[in-house]
Amino acid sequence: MAILIWIPGALDLDEFLEFIVGSSKDDAEADEQPLDLKPLKSLSPMFPTPPGYDVSSVSADPPVVYITPIFRSCSSSEHPRPDPASSAQESPISTNPPNVTPISAKFPTPRHKPASTIALKVTPISVKFPTQRHEDESSDEGSDEDYNPCYNKRNPPSLKRATKKARRAADSNATDIKQRPVRRSLSKELVDWRSSSKSPRELVEATMNMFDSLRRCTLQLAENEDSSKRADLKASVLMKENNLRINDMKIIGPVPGVEIGDIFFYRLELNILGLHVPIMGGVDYLPATHVGKDGSLAVSVISSGGYDNDENDTDTLVYTGHGGNSRYKDQHDQKLVRGNLALKNSAKKKNQIRVVRGVEDPFINSGKVYIYDGIYRIEDSWMDTTANGFSVFKYKLRREPGQPDGFSVWKMTEKWKANPATREKGITLDLSSEVENLPVCLVNDVGDEKRPSHFEYVTGVKYLRSLSRNKPVQNCKCPSMCLPGDTNCSCVQQNGGDLPYSSSGVLVKHVPMLYECSSDCHCSQECRNRVAQKGVKLNLEVFSTGDRGWGLRSWDPIRAGAFICEYAGEVIDETNMNTNIEEDDYIFRPSFPNDKALRYNLGAELFEEASTDATAENFKQFPIVINAKEAGNVARFINHSCSPNLLWQAVQYDHGDDNYPHIMFFAMKHIPPMTELTYDYGVRGAPPGFKGKFPQACKLRTCLCGSTKCRGSF
DNA sequence: GACTGCTCATGTTA
DNA sequence: CTAACATGAGCAGT
């Protein structure tokens with residue numbers, strides 16, 4: 001069976017994927033290797049599709065997730081097939097020198113499977129079967145139907161190239177003794193990350209998390225050395241070499257686990273998810289050799305200002321073809337080749353095309369934010385002439401009706417930011433009464449409640465007793481800016497040898513305690529080690545959630561690691577506090593273990609042999625709570641979620657008593673505008689075993705977070 | 001495979 | 001601030 005097509009109606013997606021996984025089980029077991037990894041059979045028999053995930057909801061038409069494994073037409077003479085025997089010997093393990101691609105070392109490398117296991121490769125979670133990119137026979141004869149859109153498997157990691165890279169890396173390893181040791185083995189977290197069952201959404205989130213974590217850590221390492229600053233490229237290569245990319249096959253229509261409105265900050269993120277594969281090109285398409293006699297088909301386009309497109313309409317997009325304005329050649333007419341041809345074919349076929357809108361990042365100069373805007377189809381195409389007299393191709397795409405808002409949300413928030421008074425259903429323009437850096441809008445677009453109960457808006461914490469002043473606040477002698485890798489900087493030392501924030505100001509790692517520069521430091525206010533102390537930089541709004549009281553969300557896009565806000569209020573020494581606080585709606589309790597927040601550090605595990613101090617054991621419980629009932633800031637409105645998008649980080653900068661840190665919230669992942677901000681409150685006061693049985697007795701509350709991993713109460 | 005050309009990137013410097 | 005440029009990875013096509 002060479003072709004495996006999921007036809008909606010015949011099976012739902014769950015059944016389809018279950019079928020795939022089920023059919024592969026025997027082979028997986030047969031090929032199991034003695035590695036300290038969970039056997040493949042323990043992989044989710046029931047994985048994907050979480051309840052909320054519904055491909056068909058985004059399209060009136062049957063979703064066209066044609067998944068047709070055609071492995072480079074190996075049976076035809078013009079594409080000689082690699083010798084299975086020799087390629088079997090050339091597994092990535094044997095060709096990769098030690099220390100270069102450590103992640104692969106512990107993963108099973110199933111040998112070539114019989115044809116029946118080809119089904120495995122069509123699952124969008126191919127990451128679970130890492131090294132099966134080198135396919136064997138699958139004659140696709142009889143597959144060139146009239147309309148046979150199929151996927152084209154992305155190039156497997158090139159052994160040759162990986163080897164070259166590996167050598168280069170090995171060389172530099174030998175010559176550059178400053179380079180830190182790279183872990184040879186995977187941490188348990190990573191093994192779990194790879195082997196546990198995940199829904200498509202969870203897999204996408206885990207993959208994004210891995211990429212960003214690798215990127216941040218690569219960036220931090222690269223800063224101390226003198227290498228290229230393209231940490232995104234390096235993170236991508238690492239992921240590719242270790243088969244951590246997902247959705248290898250090109251898919252027409254929605255990509256499992258990617259939701260409309262999702263935002264990205266690097267083109268490579270789109271590549272890694274299989275959402276838009278070319279890392280520079282604007283048109284992603286199935287090449288003609290894999291589609292059949294009707295030629296190539298476009299599957300995705302990115303509109304990000306490189307050409308003269310109309311970027312304002314949220315319902316249609318006039319897209320300019322590629323070519324004609326190369327940096328290395330004179331301007332010329334566009335040709336009907338590659339993406340342009342694919343778009344023309346798609347105009348005829350009217351197949352679904354994903355659209356990603358690229359816009360300027362409001363926080364990073366010349367940075368871009370990419371917004372996935374869902375499915376479009378080409379309505380019209382024509383040729384046009386530019387002002388310079390060269391001909392270009394134009395394609396008019398129309399958004400499929402009935403899809404959730406994506407780019408239109410972006411446009412709304414842009415309008416509100418320009419003039420907050422245009423926010424519909426706004427109750428108060430600035431809840432903070434101008435105490436915050438930026439106004440905090442209060443809105444209610446679901447009910448009649450006009451205001452939260454009265455409280456005083458403050459931006460910081462108030463201590464009810466004087467702090468111990470035994471330990472002086474940290475201070476450095478840096479003249480203007482603390483520099484990464486500066487061993488003379490006491491603030492760098494105190495943070496374990498690295499600055500805790502990247503050059504773009506995001507939190508690199510979640511650590512037990514983060515030390516920012518203090519007022520006693522000689523460095524300037526522009527020093528990179530001053531982030532959280534400067535307060536909120538986002539346009540936030542407090543809104544009515546309907547069923548969970550007031551909540552907090554942002555008009556701005558938030559990248560992973562970005563600072564959100566402090567938890568402001570009265571700091572209460574826990575030993576002295578009244579334990580019978582009846583109403584604890586506005587209490588912050590530090591709770592441990594904070595395992596979800598530690599996942600933020602995935603990439604660090606790959607780089608450092610001696611694990612950092614950011615392990616669970618090193619996080620201690622602080623003997624305080626913060627009461628924001630009478631006085632607080634936006635943080636008092638942040639709701640609990642079992643699948644949170646924020647973490648809290650203990651930060652010191654204005655005194656030396658580590659028992660009384662500031663509680664600062666940071667984004668754990670990229671957060672699109674208008675997405676509610678949440679953190680995990682932890683489990684309060686429930687003895688083990690009581691949780692769930694007697695939720696009322698333990699003062700647990702029913703959780704309404706709605707996530708698939710909801711614990712039910714908190 | 002190996003190689004080339006093409007690409008709506010990204011980050012730094014002039 | 002903008003432009004130029006240096007570096008770069010992925011992949012379709014040959």
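Given the structure is predicted, the values throughout are model-derived calculations rather than measurements. Here is the naming used below: chain letters follow the sequence lines, and residue numbers restart at 1 for every chain.
For DNA chain C, the stems formed by at least three consecutive Watson-Crick or G-U pairs, with both atom-pair distances below 3.5 Å, span B:2-7 with C:9-14, B:9-14 with C:2-7.
Note: CD (A:Q334) to C1' (B:dC8) measures 11 Å, nearest angstrom. Counting to the nearest Å, the C1' atom of C:dA9 and the NZ atom of A:K240 are 7 Å from each other. Distance, A:L233 CG to B:dA9 C1': 8 Å, rounded to whole Å. Taking atom CG of A:D284 as the reference point, atom P of C:dG13 lies 12 Å away to the nearest angstrom. A straight line from NZ of A:K229 to C1' of B:dT13 spans 12 Å, rounded to a whole angstrom.
For a distance-only test at 3.5 Å, the side chain of A:R230 fails to qualify as a donor-acceptor partner of the base of C:dA9.
Non-hydrogen atoms lying under 4.0 Å from DNA chain C are contributed by A:N271, A:V277, all within residues 267-278 of chain A.
Across all strands, A:G358 comes closer than 4.0 Å to no nucleic acid atom at all (heavy-atom distances). A:Y319 comes within 4.0 angstrom of a base, heavy atoms only. Residue A:S303 is classed as a base contact, given a heavy-atom separation below 4.0 Å to a base.
With salt bridges taken as basic N to acidic carboxylate O contacts below 4.0 Å, one links A:D361 and A:R559.
Applying the ring-ring contact (aromatic ring centres under 6.0 Å, His included) criterion to A:F666, with sequence neighbours excluded, gives A:F563.
Considering only side-chain N and O atoms, A:Y285 lies under 4.0 angstrom from the phosphate OP1 or OP2 of C:dG13. For the OP1/OP2 pair of B:dT7 and a distance below 4.0 Å, the side-chain nitrogens and oxygens of A:Y307 include no atom meeting the criterion.
Under the 3.5 Å distance criterion, with hydrogens and angles disregarded, no donor-acceptor pair is assigned to the side chains of A:K394 and A:S381.
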